[in-house]
Amino acid sequence: MPANDAHAHAESPALRVQFDTEAQQKDASTLGMWLFLITEVMFFGGMFLVYTVYRNAYPGIFAIASSSLDVYIGAANTVVLLCSSFTMVLAVRAAQLGQRKAIILFLILTLILGGIFLGVKAYEWNEKFQEHHVPGSSFHFEGMQPDEQAHAQLFFSLYFAMTGLHALHMVIGVGMLLFLIRQAQKGRYSAEYMTPVDLGGLYWHFVDIIWIFLFPLLYLIDRHLKG
Amino acid sequence: MITAAVPERENYLNNAYGIKSWLLTRDHKRIGLLYLFTVTLFFFLGGAFATMIRIELLTPQGNFVSSETYNKLFTMHGVAMIFFFLIPAIPATLGNFFLPMMIGARDLAFPRINLLSWYLLVIGGLFSLFAMLAGGVDTGWTFYTPYSTTYSNSWVIATALGIFISGFSSILTGLNFIVTVHRMRAPGMTWMRMPLFVWSHYATALIQVLGTPVVAVTIILLFCERVFHIGIFDPTLGGDPVLFQHMFWFYSHPAVYIMILPAMGIVSELVSVFSRKPVFGYQFVAYASMAIAVLGFLVWGHHLFVSTQSVYAALVFSFLSYFVAIPSAIKVFNWTATLYKGSISFATPMLYAFGFIGLFTIGGLTGLFVAALGFDVHVTDTYFVVAHFHYIMVGGTIMAYLGGLHYWWPKITGRMYPEGWAKLSALIIFLGFNLTFFPQFILGYLGMPRRYHVYPDEFQVLHVLSTAGASVLAVGYLMPMIYFIWSLRYGKVASANPWGATGLEWQTPSPPPVHNFDVTPIVTHDAYDYSTVIGQEVEVG
Amino acid sequence: MGKFPLFPEQASTFAPDVDHLTYFLLAVAVFFTVLIFCSIFYLAIRYRRRSDGELPHVPHGGLALEIVWSVIPFGITMVMFTWGASVFFNESRPPNNAMPLYVVAKQWMWKIEHMEGQREINELHIPLGRAVRLTMASEDVIHSFYVPAFRVKQDVVPGKYSTIWFQPTKPGKYHLFCAEFCGTRHSGMIGWVYVMQPRDYQNWLSGGAPAGTLAESGEKLFTDLACSNCHKADGTGRCPSLEGLFGKTVQLANGAKIVADEPYIRESILHPAAKIVAGYLPVMPTFQGLVTEDGVLQLIEYIKSLGPKPIVGGGGALGK
C-alpha cells in the first residue's frame with residue numbers, strides 16, 4: 001500500500017491521488033455508477049407513479065388515446081434500441097480485450113443506432129404536433145367530449161413528459177458516446193483501464209431498460225382487445 | 001508538537017493562495033469551507049426573513065408589512081432555511097470535511113463531483129435568490145397545488161428551479177459519501193469501528209440518494225403544469241392536487257431525517273469525547289440511524305391526515321410513524337447512559353450536546369403528539385406543528401451544528417475559540433430558543449393557524465413572548481459569528497488533539513495537511529477507545 | 001390585549017375526547033422530559049471531570065437495558081396510536097341523523113348553504129346539541145375548514161367533496177379559520193360559528209327571506225339547464241330517471257356497481273362520460289363551466305328530494 005500520494009502517482013497516470021490501488025478506484029467508480037442509476041430509477045419511478053394513478057383513474061380514455069400512437073414505429077424503435085445495447089456490449093467487450101479499433105467501431109455503431117432512435121422519436125413528436133395531440137390550448141382529440149379531452153390530454157402530457165425525459169437521457173448518452181469515441185481515438189482505453197467504457201455501457205443499458213417499460217405502458221394499452 | 005515559534009508547516013490552507021485555488025479546489029476540506037461560507041450566508045438571509053416575520057407578529061393587525069409581503073417572507077424563510085441551510089448544513093460542511101478524515105481517507109471518492117455539488121448548490125441558490133430579489137414567492141415552502149401552479153402570481157418557477165438544481169447537489173453529495181464509506185476506509189477500519197458520525201452520514205446519504213430524485217421529478221411536473229397547464233395536478237383538467245402532496249412529502253418527510261441524522265452523529269461524537277467513554281450501546285445507536293433512514297420513507301402520509309386521504313391510509317401512516325420514534329428514543333437513552341460514570345467536561349461543545357438532547361427530546365415527544373390521529377386533526381397547520389419542527393430543526397439540528405463547529409473549529413482553523421464567550425452564547429441560544437418556540441405550542445393548541453398575517457387579539461401575549469425570545473436568539477446566533485472570525489487571528493493556537501479525542505481526524509496536525517495524513521493510518525482499535533489517547537499524553541494548547 | 005387564554009374552549013362532543021388524549025400525551029411527555037433533563041443534570045455533575053488525566057472504566061453494553069428502553073416506549077406509543085385512532089375514527093363517521101349543510105370555499109370566503117335556503121358568508125349558525133354534517137367543495141385552491149373550539153379540521157380540495165361533522169355542546173361564538181394556506185388574504189378567510197339554542201336557531205332560520213329551499217333552487221336550475229328534457233321522472237327519457245336515485249346502487253355499463261352518493265352525482269354532472277348507467281348511451285354533455293360548485297350542490301339536493309325517502313346521508317331527516 002503506497003504511503004503517500006507521490007508514490008501513488010508514480011504507479012499509474014490514471015490512478016487518482018485519493019485511491020491506493022487501481023482496483024479500488026474501479027470499484028469506487030462502478031459503485032458510484034450503480035448508485036447513480038438507483039437515483040435514476042427513483043426519478044423515473046415518480047413518473048411511473050403518476051402514470052399509474054391516472055391510468056387507474058381514466059382507464060378507458062387512456063386506452064383510446066394510446067391507440068392513436070403508431071405501434072409499428074414504436075416497436076421498430078424498440079428493436080433499434082435493443083440493437084444499440086448489443087453493439088454497446090460489444091464495445092465493452094472490445095475494451096476488455098484492449099482492441100482499440102473495435103471499441104471505436106462499436107461505439108460509433110451504438111451512436112448511429114441511438115441517433116436513429118432519436119430521429120424516429122422526433123418524427124413521432126412532429127406527427128403529434130400536426131394531429132394537435134400536443135398538450136396545450138390547441139389540444140384536440142377527435143371524437144371526445146370536452147371533459148374527456150382533458151383526460152386524453154393528461155395521457156399525452158404523460159406521453160411527452162416520459163418520452164421527453166427518456167429522450168433527454170438519450171441525448172446525454174449520445175454526448176457521452178461522443179466523449180468515449182474521442183478518448184478511445186486518443187488511445188486512452190486499454191485492457192487495464194477501461195472503466196469509462198464500462199460505466200458508459202451501464203448507463204446506456206439503463207436508458208434502454210427505461211424504454212422497455214415505456215413502450216408497453218404508452219403504446220400497448222388494451223391492444224389485445226383490438227387484435 | 002506544534003509551537004508558535006516553529007514556522008507553520010504546510011497544511012490545506014496555506015499550500016496555495018488566491019481565488020482560483022479555492023474555486024477550483026478538489027480538496028474536500030476546502031470544499032467544506034466553501035459550503036460553510038455559502039450556508040452561513042443563507043442562514044443569515046433566512047434569519048433576516050424570520051426577524052421580519054416575528055416583528056410583524058408583535059401586533060395582531062398586520063401593520064408592519066402587507067399580507068402579500070408577509071406570505072413571501074415566510075415562504076422565503078422556509079426555502080432559504082430548509083433547502084439552502086438545513087439540508088446542506090451539516091453533511092456538506094462538517095461531513096465533507098471530516099467524513100473522509102474519520103475513516104482515514106485522503107479525500108472523498110469523487111473530488112471533482114464534490115466540487116460540482118457545491119457549484120450546483122450555488123447555482124440553485126442564485127436562482128432562488130434571484131426569485132427573492134425580483135419579487136419573491138408566496139406559496140409556502142411546500143408549493144401546494146393548485147395554488148402554486150395556477151393562482152400564485154409570484155416567482156414560483158425560478159424558486160422551484162433553484163430547489164431542483166440544489167437537489168442534484170444533495171444527490172451527488174450523498175452518492176459521494178456512500179461510495180467513500182464503502183470503498184475508502186483505511187486498513188483496519190471495519191464497519192463496527194466507524195465513528196457514529198460516519199454511520200449517521202451514511203444513513204443520511206441513503207436518503208439523499210433515494211429521496212431527492214422523487215422531489216426532482218415532482219418539481220419538473222410542477223414546472224410543466226405551471227407553464228403548459230397540462231393537468232397533472234389541476235383538478236379542472238382531471239388531475240389530483242393531493243397527488244402532489246404525496247409526492248412532495250415522499251421526499252420532504254425523509255428530508256427531515258437528512259437534517260436531523262447528521263446532527264445526531266455530531267452529538268454521538270460530542271457525548272463520547274466529553275465523557276471520555278465510548279457511546280453506550282454503540283451498535284444500537286449505529287443501527288438506529290439506519291432504521292430511521294429506512295422507516296423515514298414509510299411515514300410521509302402523516303402530513304396528510306386531513307387532506308382527504310382515506311381513513312385507512314391515515315391509520316397505517318399513524319401506526320408506522322410510531323416506529324420511527326423507537327430508534328430516536330434508543331439514541332436519547334444511550335447518550336444519557338453514556339454519561340454514567342464518565343469523566344464529564346463542560347466544554348462548550350458538550351453544552352450544545354446537552355442542549356440538543358433536551359430540545360430534541362421535547363421535539364421528538366411532541367412528534368408523538370402529532371402522530372396521534374385525533375390530536376393531529378386539531379393541531380395540524382397550526383403553530384403547534386411550527387413549534388414541533390422548530391424544536392427538531394433549530395433546537396436539534398442547529399444546536400448540534402454549532403456544537404460540531406465549536407468542537408472541530410481547532411482542527412479546521414488551527415485556532416481555539418474563546419471558551420468564555422462560547423459558553424455564554426450557548427446559554428443565550430438555549431434560553432432564547434425556548435422563549436421563542438415554547439409559547440408556540442400553546443398558541444397552536446389554542447388554534448392559531450400557521451401562515452397567518454393577521455390574527456385574533458387573544459393570541460397577542462404569546463406572540464409577543466415569542467418575538468422577545470427571537471431577539472434573544474438572534475443575539476445568541478450573532479455572537480459565535482463574531483468570535484469565530486475573531487479567533488482566526490487572535491485565538492490560541494490549537495494542538496493536534498486538544499480534546500483528547502480518538503477520531504482519526506485528531507491524529508493529524510491542526511490544520512490538516514493537504515491529503516489529511518502523512519502516513520495512511522492503520523486502525524487497530526474500536527472507535528472511542530480512550531485508553532489509546534489518555535494516559536499517554538494529552539496535548540494541551 | 002385583554003383576554004389571555006392558555007387553553008381552548010370545549011364546545012363540541014369531540015373537544016373533551018381530544019383533550020383527554022392531550023392530557024395523556026402531555027403526561028407522558030412531561031415524565032420523559034423530566035427524566036432526561038434530571039438524568040443529564042445529575043450525571044453531568046456527579047461525574048464531572050476532576051483531573052485532566054482521568055480515564056473512566058468502560059462498562060460492557062447492556063442488552064437488557066436496550067431492550068427495556070425499546071420495548072417500554074413502544075408499548076406507550078401503541079397506546080397513543082390506538083387512542084388517537086379511535087378519536088379519529090369517531091370524527092370520520094357522521095351519524096345518520098346529522099343535519100346536512102353545504103360549504104363552498106373560495107379565495108377568500110366561506111359560503112354556507114342551509115337546506116332551508118338560507119345562505120351565509122363567513123358565518124355559520126347551528127343549533128345546540130344537534131350533529132351537523134358539512135359537505136364541502138372548493139372553487140379554486142385548497143382550503144381547510146377549522147373550528148378550534150370543536151377540535152375539528154378538514155381540507156377542502158378542489159375537484160372533490162370532503163365532509164366533516166361535529167356536535168356542538170355549548171352555546172356561543174367560536175372562531176372559524178382557514179387552516180390551509182390559500183393565497184394573499186389567507187388570514188382573512190376567517191369567520192364565526194354561532195351555536196344557538198334550538199329555539200333561537202328556528203327563529204334565525206325563519207328570520208331571513210330566502211329565495212326558497214336549497215332543493216327548490218336545485219329544481220329551478222334543473223329546469224333552466226334543460227336537464228328535465230332527458231331525465232324524465234317516468235324513465236322514458238334518453239337518460240335514466242333520477243327518482244329515488246340517491247343512496248341506491250346503480251348498475252354501470254362496464255359491469256361495475258356504484259352507490260349514488262354526492263361525489264357520484266357531482267362527477268356525473270361534470271364528467272358524464274366517466275360512469276355510464278347500464279342500458280344508456282353516453283349522450284349527456286358535460287356541464288363543467290356551466291354550473292358552479294354552489295349550483296352542483298343545489299342540484300344534488302334536488303335529486304335527493306326526488307322520489308321515496310333516501311336511506312343514506314340523512315337528507316330526509318331534516319323534517320323531524
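Keep in mind it's a predicted model, so treat the numbers as computed, not measured. First the proteins, then the strands, lettered A, B, ... as listed; each starts at 1.
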query = At their closest point, which heavy atom of C:Gln154 faces which heavy atom of B:Ser307, and how far apart are they?
reply = NE2-C, 4.4 Å
message = Taking every non-hydrogen pair under 4.5 Å, which of C:Arg185, C:His271, C:Gln288, C:His186 racks up the most with chain B?
response = C:His186
inquiry  = Measuring only between side-chain heavy atoms, which start at C-beta, is B:Phe333 closer than 4.5 Å to C:Ile36?
reply    = yes
ask   = In terms of heavy-atom pairs under 4.5 Å with chain B, which of C:Cys178, C:Gly188, C:Gly159, C:Ser51 leads?
value = C:Cys178
Under 4.5 Å from any heavy atom of chain C - which part of B:Tyr151 = side chain
ask   = chain C heavy atoms under 4.5 Å from B:Ile442: which part of the residue, side chain, backbone, both or neither?
value = side chain
task = Check whether B:Phe319 gets within reach of chain C through its side chain, its backbone, both or neither, counting any heavy atom under 4.5 Å.
result = both
message = Please output the residues of residues 141-148 of chain C in contact with chain B, using a heavy-atom cutoff of under 4.5 Å, in numerical order.
response = C:Val141, C:Ile142, C:Tyr146, C:Pro148
request  = Inspect the surroundings of CZ in C:Arg93 and state if more than 12 heavy atoms from other residues, nucleotides or ligands are less than 6.0 Å away.
outcome  = no
query = Relative to chain C, which segment of B:Phe360 carries a heavy atom at a distance below 4.5 Å: side chain, backbone, both, or neither?
reply = neither
message = Using 30° and 60° as the class boundaries, would you call the ring planes of C:Phe89 and B:Tyr312 parallel, tilted or perpendicular?
response = perpendicular
Non-hydrogen atoms of B:Tyr452 and C:Met189 that approach each other most closely = OH-O, 4.1 Å
Contact list for residues 66-75 of chain C, test salt bridge (charged side-chain N to carboxylate O under 4.0 Å, His left out), sequence neighbours left out = none
task = State, without any angle test, whether B:Ser343 and C:Tyr47 hold a side-chain donor-acceptor pair at a distance under 3.5 Å.
result = no
query = Between C:Glu91 and B:Gly374, which heavy-atom pair has the shortest distance, and what is it?
reply = OE2-O, 4.1 Å
message = Counting only non-hydrogen atoms closer than 4.5 Å, does C:Phe177 touch chain B with its backbone (N, CA, C, O), its side chain (CB onward), both, or neither?
response = both
request  = Taking all heavy atoms of B:Ser275 and all of C:Pro56, pick out the closest pair and write down the distance.
outcome  = O-CG, 3.6 Å
key: Atom group of B:Ile326 that falls short of 4.5 Å from chain C, counting heavy atoms   = side chain
request  = Please state whether the side chain, the backbone, both or neither of B:Thr139 comes within less than 4.5 Å of a heavy atom of chain C.
outcome  = backbone
ask   = If every non-hydrogen atom of B:Leu365 is compared with every non-hydrogen atom of C:Phe32, which pair is closest and at what distance?
value = CD1-CB, 3.8 Å
ask   = Would the B:Phe323 and C:Phe74 ring centres measure less than 6.0 Å apart?
value = yes
Heavy-atom contact with chain C under 4.5 Å, split by part of B:Thr361 = side chain
inquiry  = Counting only heavy atoms from other residues, nucleotides and ligands, does the tally under 6.0 Å from CZ of C:Phe24 exceed 12?
reply    = yes
ask   = Looking at C:Thr33, C:Ile40, C:Val18, which makes the most heavy-atom pairs under 4.5 Å with chain B?
value = C:Ile40
task = Select one option (side chain, backbone, both, neither) describing which atoms of B:Phe284 are under 4.5 Å from chain C's heavy atoms.
result = side chain
query = Which residues pass the ring-ring contact (aromatic ring centres under 6.0 Å, His included) test with B:His453, sequence neighbours left out?
reply = B:Tyr70
message = Listing request: all salt bridge (charged side-chain N to carboxylate O under 4.0 Å, His left out) pairs with a residue in residues 144-168 of chain C, at least two apart in sequence or in separate chains.
response = B:Asp240-C:Lys160, C:Asp19-C:Arg151
ask   = Which pair of heavy atoms, one from C:Leu25 and one from B:Ala372, lies closest together, and at what distance?
value = CD1-CB, 4.4 Å
request  = Might you work through the side-chain hydrogen bond (donor to acceptor under 3.5 Å, both in side chains) test for B:Tyr455 and C:Ser187, ending with a clear yes or no?
outcome  = CA-CA 7 Å; B:Tyr455 60 86; C:Ser187 64; over 6 Å; no
ask   = With under 30° as parallel and over 60° as perpendicular, where do the rings of B:Tyr147 and C:Phe181 fit, or are they tilted in between?
value = perpendicular
ask   = How far apart are the C-alpha atoms of C:Thr22 and B:His378, what are their side-chain angles, what is the distance that settles it, and do they pass the side-chain contact (heavy atoms from CB on, under 4.5 Å) test?
value = CA-CA 11 Å; C:Thr22 307; B:His378 174 46; over 6 Å; no
query = By a 4.5 Å heavy-atom criterion (distance strictly below it), what part of B:Ser66 contacts chain C: side chain, backbone, both, or neither?
reply = neither
ask   = Side chain, backbone, both or neither: which part of B:Gln309 has a heavy atom under 4.5 Å from chain C?
value = neither
query = Under the side-chain contact (heavy atoms from CB on, under 4.5 Å) criterion, do C:Thr184 and B:Glu68 qualify, and how do the steps go?
reply = CA-CA 5 Å; C:Thr184 310; B:Glu68 217 182 330; 4.2 Å; yes
ask   = Checking heavy atoms, do the side chain of B:Val379, its backbone, both or neither come under 4.5 Å from chain C?
value = backbone
